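Predicted, not measured: the structure shown is a model, and the values here were computed from it.
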Amino acid sequence: QVHLEESGGGLVQPGGSLRLSCRASGFTLDWYAIGWFRQAPGKEREGVSCISGSDRSTFHAESVNGRFTISRDNANNTVYLQMNSLEPGDTAVYYCARNRFTACGGSRWDLDPYDYWGQGTQVTVSS
């Protein structure tokens, strides 16, 4: 049974850092690309970062580029999202999701390629 579980969210001051974890089970992690998405109140879910399962290519949305880093540890079935220089605009529920394909691909920020989602973890950036 495929399962994804996020952890590591919380309350942090502007300029601070958090590391989110996405623990995967029920499938071979390195066969799939994994994405991180976020959804703020009243807004649509948006793609943040993606890491391919094959060559581990990484992609980040322009809004977080240079501040967020995605990585994966296949031996521990975990994907991480290191978030630095956090801003109030980063406040959202963060989700990890499994892409149907090994590579992130051109549609990596769309929801359709992703077939399994975690329950999400809340990140709040506030002073």
Indicate yes or no: at least one non-hydrogen side-chain atom of Arg108 is less than 4.5 angstrom from one of Tyr114. yes
Would a line drawn from the ring center of Trp109 to the ring center of Phe59 be shorter than 6.0 Å? no
Phe101-Trp31 co-clustered via ILVMFWY side chain contacts under 4.5 Å: no
Any non-hydrogen side-chain atom of Val79 less than 4.5 Å from a side-chain atom of Leu29? yes
What class does the angle between the rings of Tyr95 and Trp117 fall in, given that below 30° is parallel, 30 to 60° is tilted and above 60° is perpendicular? perpendicular
If hydrophobic clusters are built by linking Ile, Leu, Val, Met, Phe, Trp and Tyr wherever their side-chain heavy atoms come under 4.5 Å apart, do Leu111 and Ile34 end up in the same one? no
So, the side chain of Thr58 versus the backbone of Ile70: is there a donor-acceptor pair under 3.5 Å, distance only? no
Does a salt bridge link Asp30 with Arg56, judged by any charged N lying under 4.0 Å from a carboxylate O? no
Geometric cation-pi criterion Arg98 and Tyr32, 6.0 Å radius, 45° cone: yes
Looking only at heavy atoms, which two atoms of Ala61 and Gly47 are closest? And how far apart? CB-O, 3.5 Å
Under a 3.5 Å distance rule, please check whether Thr91 uses its side chain to pair with a backbone N or O of Val125 as donor and acceptor. yes
Between atom CD1 of Ile51 and atom CG of Asn99, what is the distance when rounded to the nearest 0.5 Å? 12.5 Å
How close do Val64 and Ser49 get, counting heavy atoms only, and between which atoms? CG2-OG, 4.4 Å
Under 3.5 Å, is there a donor-acceptor pair between the Thr78 and Asp73 side chains? no
Note, Leu18 side chain near Val123 side chain (heavy atom, < 4.5 Å): yes
Heavy-atom distance under 4.5 Å between the side chains of Phe37 and Val48, does that happen here? no
Carefully, step by step, assess Leu20 and Met83 under the rule side chain to side chain contact (heavy atoms under 4.5 Å, CB included). CA-CA 8 Å; Leu20 305 184; Met83 306 187 296; 3.7 Å; yes
To check you understand the geometry: which heavy-atom pair defines the closest contact between Leu4 and Ala24, and what is its length? CD2-CB, 3.7 Å
What distance do Arg100 atom CZ and Ser107 atom OG have between them, rounded to the nearest 0.5 Å? 10.0 Å
Establish, from distance only, whether the side-chain atoms of Arg72 and Asn74 form a donor-acceptor pair under 3.5 Å. yes
Is Arg38 close to Ser63 at the side-chain level, that is, under 4.5 Å between some pair of heavy atoms? yes
Assert yes or no for the condition that the ring centre distance of Tyr116 to Phe27 is strictly below 6.0 Å. no
Locate the shortest heavy-atom distance separating Thr69 from His60; write the atom from each residue and the value. CA-CE1, 3.5 Å
For residues Asn76 and Arg23, report the shortest heavy-atom separation together with the two atoms involved. O-NH1, 2.6 Å
Are any of the side-chain heavy atoms of Pro14 and Pro88 separated by less than 4.5 Å? yes
Is it possible for you to check whether Arg19 lies under 6.0 Å from the centre of the six-membered ring of Tyr80, through NZ or CZ, and within 45° of that ring's axis? yes
Indicate the atoms forming the closest heavy-atom contact of Cys50 with Ala33, along with that distance. SG-CB, 4.2 Å
Could you tell me whether a side-chain N or O of Ser52 sits under 3.5 Å from a main-chain N or O of Ala103, the two making a donor and an acceptor? no
For Gln122, I'd like to know if atom CD has over 12 heavy atoms of other residues, nucleotides or ligands within 6.0 Å. yes
Under the 3.5 angstrom rule, does the side chain of Glu6 hit a backbone N or O of Cys96 as a donor-acceptor pair? yes
Once you round to the nearest 0.5 Å, how far does CH2 of Trp36 lie from CG of Leu81? 6.0 Å
How long is the straight-line distance from OG1 of Thr121 back to CD of Glu5, given to the nearest 0.5 Å? 9.5 Å
